[in-house]
Protein chains: 4
Amino acid sequence: MNAVSAAQEHQNRPVPRPKRKSGGKVKRMPREVRERQMLDAAVEVFARRGYSAASMDEIAELAGASKPLVYLYLNSKEDLFSACIRREAEALMTAVRTAADPGDRADRRLWHALRAFFAHTAEHPAGWAVLSCQARTHGEPFALVVAGLRQQIADLVTQLIAESVRDAACAAPLDEKEVSGLAHALVGAAESLAGWANATAQAGPAAPAARETAATLMNVAWVGLENLVNGRRWAPVRS
Amino acid sequence: MNAVSAAQEHQNRPVPRPKRKSGGKVKRMPREVRERQMLDAAVEVFARRGYSAASMDEIAELAGASKPLVYLYLNSKEDLFSACIRREAEALMTAVRTAADPGDRADRRLWHALRAFFAHTAEHPAGWAVLSCQARTHGEPFALVVAGLRQQIADLVTQLIAESVRDAACAAPLDEKEVSGLAHALVGAAESLAGWANATAQAGPAAPAARETAATLMNVAWVGLENLVNGRRWAPVRS
Amino acid sequence: MNAVSAAQEHQNRPVPRPKRKSGGKVKRMPREVRERQMLDAAVEVFARRGYSAASMDEIAELAGASKPLVYLYLNSKEDLFSACIRREAEALMTAVRTAADPGDRADRRLWHALRAFFAHTAEHPAGWAVLSCQARTHGEPFALVVAGLRQQIADLVTQLIAESVRDAACAAPLDEKEVSGLAHALVGAAESLAGWANATAQAGPAAPAARETAATLMNVAWVGLENLVNGRRWAPVRS
Amino acid sequence: MNAVSAAQEHQNRPVPRPKRKSGGKVKRMPREVRERQMLDAAVEVFARRGYSAASMDEIAELAGASKPLVYLYLNSKEDLFSACIRREAEALMTAVRTAADPGDRADRRLWHALRAFFAHTAEHPAGWAVLSCQARTHGEPFALVVAGLRQQIADLVTQLIAESVRDAACAAPLDEKEVSGLAHALVGAAESLAGWANATAQAGPAAPAARETAATLMNVAWVGLENLVNGRRWAPVRS
DNA sequence: GATGAATGAGAATTCATTCAT
DNA sequence: TATGAATGAATTCTCATTCAT
């Protein structure tokens with residue numbers, strides 16, 4: 001099982017969206033399953049409306065459960081949001097980490113990580129929206145989780161860049177802070193591209209888009225990095 | 001007038017934050033001034049709380065006006081938000097455009113545009129927060145304005161890249177979609193770097209940070225772009 | 001103006017209970033008036049239903065205002081309850097204190113105080129219910145106010161008893177603790193009698209009942225006190 | 001068996017508070033035992049929170065049973081409350097009646113009854129709280145039970161007083177209503193003194209407090225009563 | 001006998017919005 | 001121009017109560 005398909009694993013798979021209101025008797029199901037449905041619904045609604053505009057009513061309805069049940073299992077709107085963020089962050093991180101399979105060259109690992117990132121965000125647009133937009137704007141506890149995620153990814157990238165540089169036995173070793181900055185730029189670029197890719201091509205399937213997007217980024221960043229490593233820089237007043 | 005100072009122009013400069021609650025009759029002021037105060041307050045509050053969590057009460061209080069007056073001038077919460085977005089988008093766009101002063105080499109123009117972007121967003125964090133986070137998540141009308149802004153910036157960048165390419169008389173012409181993606185990557189990287197730069201070194205004033213940030217970005221992107229233009233690309237299966 | 005009529009002063013006097021829902025336009029009134037109506041309604045409802053069973057909806061409706069207005073003026077259910085208790089406690093205390101007019105013999109002052117107590121509780125059964133039943137059962141803040149009221153009354157009674165004893169130049173001076181116990185017993189008896197009087201004779205007018213009740217109490221307590229002062233006590237094993 | 005120990009009989013003696021949550025299968029127990037546990041828990045919770053604020057959840061948890069079981073045995077919250085009141089009222093009544101053992105002089109019987117009353121309420125504060133505060137404020141059905149209890153006690157006291165009067169072969173026969181009022185005053189004083197005694201000296205065990213309290217009360221009331229019986233009254237305008 | 005799963009109904013509280021002055 | 005007074009319509013959250021097992 002590769003990273004991408006693994007990443008898709010975590011959401012409403014065989015559990016059919018239950019229909020309520022349609023006369024039938026109450027659908028009994030184990031707590032675990034219900035909870036997943038609720039999280040799925042919550043991610044969807046939070047993504048669509050934003051944290052405060054999302055209503056527990058809508059979430060419950062989309063989850064096919066009653067509000068009291070949502071509260072019974074997930075305690076409060078805040079806890080629910082928190083659970084969403086944690087789940088989505090973990091899923092994304094797992095996807096990316098799994099893809100950056102050790103035992104390959106550093107540039108290829110970065111390439112795979114990028115592809116996994118784009119693929120995952122494309123597959124889970126709602127989750128990505130929650131992580132990238134909603135979570136950042138709602139108070140410490142949430143923002144911290146997202147910041148942690150960012151840091152983890154940036155660390156991974158930093159490490160990959162450092163490895164490549166070591167591989168390349170470059171002449172001018174990079175400043176650590178510069179590498180870190182680079183990693184953040186890359187992550188930011190990736191995030192932005194993810195959003196853009198989602199917005200631009202919502203028609204076609206996800207994989208090709210992920211591939212292209214990753215390629216674009218690699219084209220700029222990696223080659224730029226090589227030049228950087230070789231000491232060739234752009235300077236504001238050059239020539 | 002340079003880009004940075006122009007960017008600062010649009011917000012409450014000499015108009016003192018009005019003191020209410022201190023008894024006495026109300027300070028009559030021309031509509032224009034009051035409206036600006038309201039928009040300033042609204043941007044601040046929308047940035048801090050998000051669109052739906054922002055309350056008209058808080059905005060009115062911060063603006064030093066009564067709620068009915070806010071409604072009289074700005075009609076509704078939605079209109080108010082819309083006005084905020086438009087104003088902030090215009091200000092940012094103006095700052096960037098003004099900085100990319102024609103009559104210079106394309107790479108230098110991009111450099112200045114980047115600097116202006118960083119400087120403006122650093123100077124107006126609330127405005128930037130509204131544009132980058134809040135506006136995207138609230139239904140067509142708002143998202144459209146922001147999309148328009150993004151498009152304008154991307155267009156500008158695209159144009160600058162294109163000019164450089166023409167300057168370089170490159171062999172392999174770039175795919176338009178690729179250029180657009182590049183622009184988005186650049187903007188995303190810029191955003192991410194802005195945040196990172198802010199977090200890393202919060203001591204110094206904004207301008208130097210903007211300069212460094214822009215430099216880091218140019219180091220990677222521009223050189224990478226040159227290579228790209230010259231047909232040298234990274235390929236997943238290379239070597 | 002005597003104590004009893006003064007005590008009646010504080011509640012919905014000339015303000016007519018406003019009729020809502022009856023088509024008419026919104027009744028504008030100064031905040032002070034509205035607030036009093038709300039407190040009146042709240043006392044009524046809290047007395048009828050108890051703190052937790054009382055619904056803000058019912059209170060608002062009885063006050064002839066909308067719920068938001070109640071919240072605007074009185075903040076929260078808890079604050080509203082607190083305000084009720086404070087107002088009622090103060091009113092009762094004032095009535096009793098005013099009646100125990102200094103410049104009279106101690107036994108007569110006690111007599112008047114008792115009458116005022118019975119008259120006031122009879123005139124404001126809801127207020128008395130809130131003070132005597134509801135407030136005691138709902139957490140420190142409320143209970144404290146009521147405890148304070150009790151203490152004030154007990155202190156007053158203690159003082160009156162002490163004065164009488166001094167007047168009587170009694171042979172065996174009473175233990176301070178015993179006097180205090182006496183005062184509490186008297187207050188408790190008064191409270192109980194107030195409740196009983198309310199329950200028993202709801203038909204007739206209030207004043208006569210108050211007079212009779214007070215007389216009964218004085219008959220037992222005062223004479224008993226005299227005997228006590230004179231050293232004649234009942235003893236469990238006496239003869 | 002004396003009154004005090006009889007009074008303690010009615011609550012969870014050897015049945016240990018059941019431990020739930022610790023895995024393992026449920027302890028099957030005879031209905032009778034379970035029901036008593038439930039009532040005990042309910043009295044506790046009703047006393048602590050008041051009728052409406054008490055939640056069936058909390059009661060069930062404290063009783064160590066599941067909510068459906070509570071409903072199976074006790075039908076509804078209202079029925080449960082009703083059962084609590086009935087049980088506590090009966091227990092208190094039994095304690096008092098048992099103590100007022102016929103075959104003794106009337107004043108001594110009253111003395112024992114008072115002691116039993118104080119002892120029982122001190123031993124079962126929750127039960128007493130439910131009876132004295134909660135029950136009175138919740139609609140006919142409950143209030144009636146409590147009124148019945150009050151009446152029984154008042155009747156008992158009235159009867160004892162009457163007997164004494166007969167013993168004393170008094171000149172001026174007492175008005176029935178006056179006697180009843182007296183009984184209520186006595187009970188109220190007792191209640192108040194119970195609270196005050198509890199608050200003043202929380203160190204010692206209950207019995208001594210009960211003894212003292214009863215003595216204080218008898219000192220005032222009984223002697224006062226004797227005087228009353230003998231026609232010596234306090235009069236508002238006397239001397 | 002015993003319970004995990006589930007909910008309809010209603011609680012407090014807030015908010016955007018409007019009059020009447 | 002400016003505002004104190006007022007509210008309909010949500011929103012979050014809780015609770016008594018019931019099934020299906």
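These numbers come from the heavy atoms of this one structure, side chains and all, not from hydrogens, waters or symmetry mates. Naming: A, B, ... by sequence-line order, numbering from 1 per chain.
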For atom [atom1] of [X] and atom [atom2] of [N], their distance in whole Å:
X: B:E58; N: E:dT14; atom1: CD; atom2: P; result: 14 Å
X: C:I59; N: F:dT7; atom1: CD1; atom2: C1'; result: 18 Å
X: A:M56; N: E:dA9; atom1: CE; atom2: C1'; result: 18 Å
X: A:F81; N: F:dT11; atom1: CZ; atom2: P; result: 17 Å
X: C:E35; N: F:dA6; atom1: CD; atom2: P; result: 11 Å

Using Watson-Crick or G-U wobble geometry with both distances under 3.5 Å, which nucleotide pairs with F:dA10?
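Checking every strand shown, F:dA10 finds its partner in E:dT13, with both distances under 3.5 Å.
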
Considering every strand shown, what is the Watson-Crick or G-U wobble mate of F:dA20 when both distances are under 3.5 Å?
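By the stated definition (distances under 3.5 Å), E:dT3 pairs with F:dA20.
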
I want to check one thing: is the phosphate of F:dA6, taken as OP1 and OP2, less than 4.0 Å away from some side-chain N or O of C:R34?
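Answer yes for this pair, as a side-chain N or O of C:R34 is under 4.0 Å from OP1 or OP2.
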
Picking from [options], which would you name as closest to the side chain of [X]?
X: B:K77; options: F:dT17, E:dT17, F:dA6; answer: E:dT17
X: B:Y71; options: E:dG1, F:dA6, E:dT18; answer: E:dT18
X: C:R28; options: E:dA2, F:dT12, F:dA6; answer: F:dA6
X: B:L69; options: F:dT3, F:dC19, F:dT17; answer: F:dT3
X: C:S66; options: F:dA5, F:dT7, F:dT12; answer: F:dT7

Face-on cation placement of D:K77 at D:F46 ring, 6.0 Å and 45° thresholds
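Geometry flag: not set, cation outside 6.0 Å or 45°.
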
Is [X] touching bases, backbone alone, or none of the nucleic acid, heavy atoms closer than 4.0 Å?
X: A:L72; answer: nothing
X: D:S76; answer: sugar-phosphate
X: A:R31; answer: sugar-phosphate
X: A:A54; answer: sugar-phosphate

Under a 4.0 Å N-O cut-off, is there an ion pair linking D:E61 with D:K67?
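No, this pair does not count.
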
Tell me whether A:R86 is salt-bridged to A:D79, with the criterion being a basic N under 4.0 Å from an acidic carboxylate O.
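Looking at A:D79 together with A:R86, the answer is no, because their closest N to O distance does not fall below 4.0 Å.
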
Start with the C-alpha gap between A:E32 and A:Y73, add the side-chain angles, then the distance that decides, and say whether side chain to side chain contact (heavy atoms under 4.5 Å, CB included) holds.
CA-CA 10 Å; A:E32 200 191 0; A:Y73 287 168; over 6 Å; no

Would you mind telling me which residue lines up with the more 5' stretch of DNA chain F, B:Y73 or A:D57, judged by nearest nucleotide?
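The residue mapped nearer the 5' terminus is B:Y73.
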
Reading DNA chain E from 5' onward, which residue's closest nucleotide shows up sooner: D:P68 or C:S55?
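Going by which nucleotide is closer to the 5' end, it is D:P68.
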
Residue whose closest nucleotide on DNA chain E lies nearer the 5' end, B:N75 versus C:Y51
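The residue mapped nearer the 5' terminus is C:Y51.
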
Could you give the distance from CG (C:L80) to CE (C:M38), rounded to the nearest 0.5 Å?
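Those atoms lie 9.0 Å apart.
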
Would you state whether a donor and an acceptor, one from the side chain of C:K67 and one from the base of E:dT13, lie under 3.5 Å apart?
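Yes, the side chain and the base share a sub-3.5 Å donor-acceptor pair.
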
